[in-house]
Amino acid sequence: MSDLKGDTGEVHMTIQITRKETGKVEEYELVGKCTAEEAEQLGIATSQEQSNGSDPQHSGS
Amino acid sequence: MAVTHSTAARNAATDAVTAQIGTGAKLKFHITGSTVGTPSATVATLPMTSNANGGFGASASGTATAAAITSDTNATGNAGAVAFASLQTSANVAVVHCAVAASASDINMTNGLVVAAGDTVSCSALTYTALSA
């Protein structure tokens, strides 16, 4: 029996964050995957990034 | 072999979802631990253009493009990184919910995308695709 999987939904967005403290504008392109499997994969990566205790301020493109 | 759909079917699927979002829709960002049934703490809330399709235009080639999105000029913020985004109805019911990550490797996401209280969060472009093929 073949392993059938549904296709994924996707959200693409470009966001800008203007930092209150510095006035600096950071731009990010985000991709959202609307499946539990891919969300879990991305969630694991994101939580690993959160474990880094260095300065939360970071530069954007 | 992947399941594929006609363009008409893809458009119908995308439009059906955006119609579910409806008028007064909001784009919200959340920290980790969020689900479509129970979104986690909201980091920022951006009102979508209020139309019957959740702030989106009609789907073309399976993808709906959002109209103008109002910035959150005083974000709630959170020490936790942004991990999820949701498109919610005016009654704060999540219709689309997804984990988010940077699509470009040259963006430094080592510490995660953290939004501080009082930051302004804007969204200049947003597209939604229900069926990518």
Side-chain angles (χ1 to χ4, degrees), chain A, chain B residues 1-5 13-14 17 27 29 31-34 36 44 46 63 66 69 71 73-75 77 79-85 87 96-104 106-133:
Chain A
M1 180 180 295
S2 60
D3 185 11
L4 298 178
K5 294 184 180 179
D7 207 345
T8 61
E10 289 189 358
V11 174
H12 287 247
M13 66 185 84
T14 302
I15 66 170
Q16 297 79 30
I17 300 176
T18 303
R19 300 297 179 181
K20 179 182 179 182
E21 283 189 9
T22 63
K24 183 178 178 182
V25 180
E26 301 166 9
E27 182 169 284
Y28 301 94
E29 289 193 20
L30 303 180
V31 178
K33 295 289 188 179
C34 304
T35 63
E37 179 180 295
E38 302 219 40
E40 182 178 352
Q41 291 172 355
L42 292 171
I44 290 173
T46 302
S47 62
Q48 286 174 343
E49 289 166 351
Q50 288 183 44
S51 67
N52 188 321
S54 54
D55 189 343
Q57 295 292 329
H58 51 280
S59 60
S61 61
Chain B
M1 181 177 180
V3 174
T4 57
H5 306 81
T14 294
V17 173
L27 167 65
F29 295 96
I31 62 173
T32 192
S34 186
V36 67
L46 285 69
T63 297
I69 301 172
S71 302
T73 57
N74 187 19
V82 172
F84 293 89
L87 291 166
V96 175
H97 181 274
C98 53
V100 293
S103 64
D106 60 348
I107 294 175
N108 179 10
M109 296 286 284
T110 303
N111 303 309
L113 175 54
V114 176
V115 175
D119 284 351
T120 294
V121 181
S122 307
C123 182
S124 59
L126 173 64
T127 61
Y128 168 69
T129 305
L131 301 169
S132 54

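Note: hydrogens, waters and symmetry copies are ignored here, and every other heavy atom, side chains too, is used. By convention in this document, chain letters (A, B, ...) are assigned in the order of the sequence lines, proteins followed by strands, and residues within each chain are numbered from 1.
- Taking OG of B/Ser124 as the start and CE of A/Met13 as the end, the distance is 11.0 Å to the nearest 0.5 Å.
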Q: Any chance you could lay out the side chain to side chain contact (heavy atoms under 4.5 Å, CB included) test for B/Val82 and A/Tyr28, step after step, and finish with the verdict?
A: CA-CA 12 Å; B/Val82 172; A/Tyr28 301 94; over 6 Å; no

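- No part of B/Ala66 comes within reach of chain A, as not one of its non-hydrogen atoms sits under 4.5 angstrom from that chain.
- Rounding to the nearest 0.5 Å places CG of B/Leu113 at 4.0 Å from CD1 of A/Ile17.
- Between atom NZ of residue A/Lys20 and atom OG1 of residue B/Thr73 there is a gap of 11.0 Å, rounded to the nearest 0.5 Å.
- Scanning all heavy atoms of the two residues, the minimum distance from B/Cys98 to A/Gly32 falls at SG-CA, 3.7 Å.
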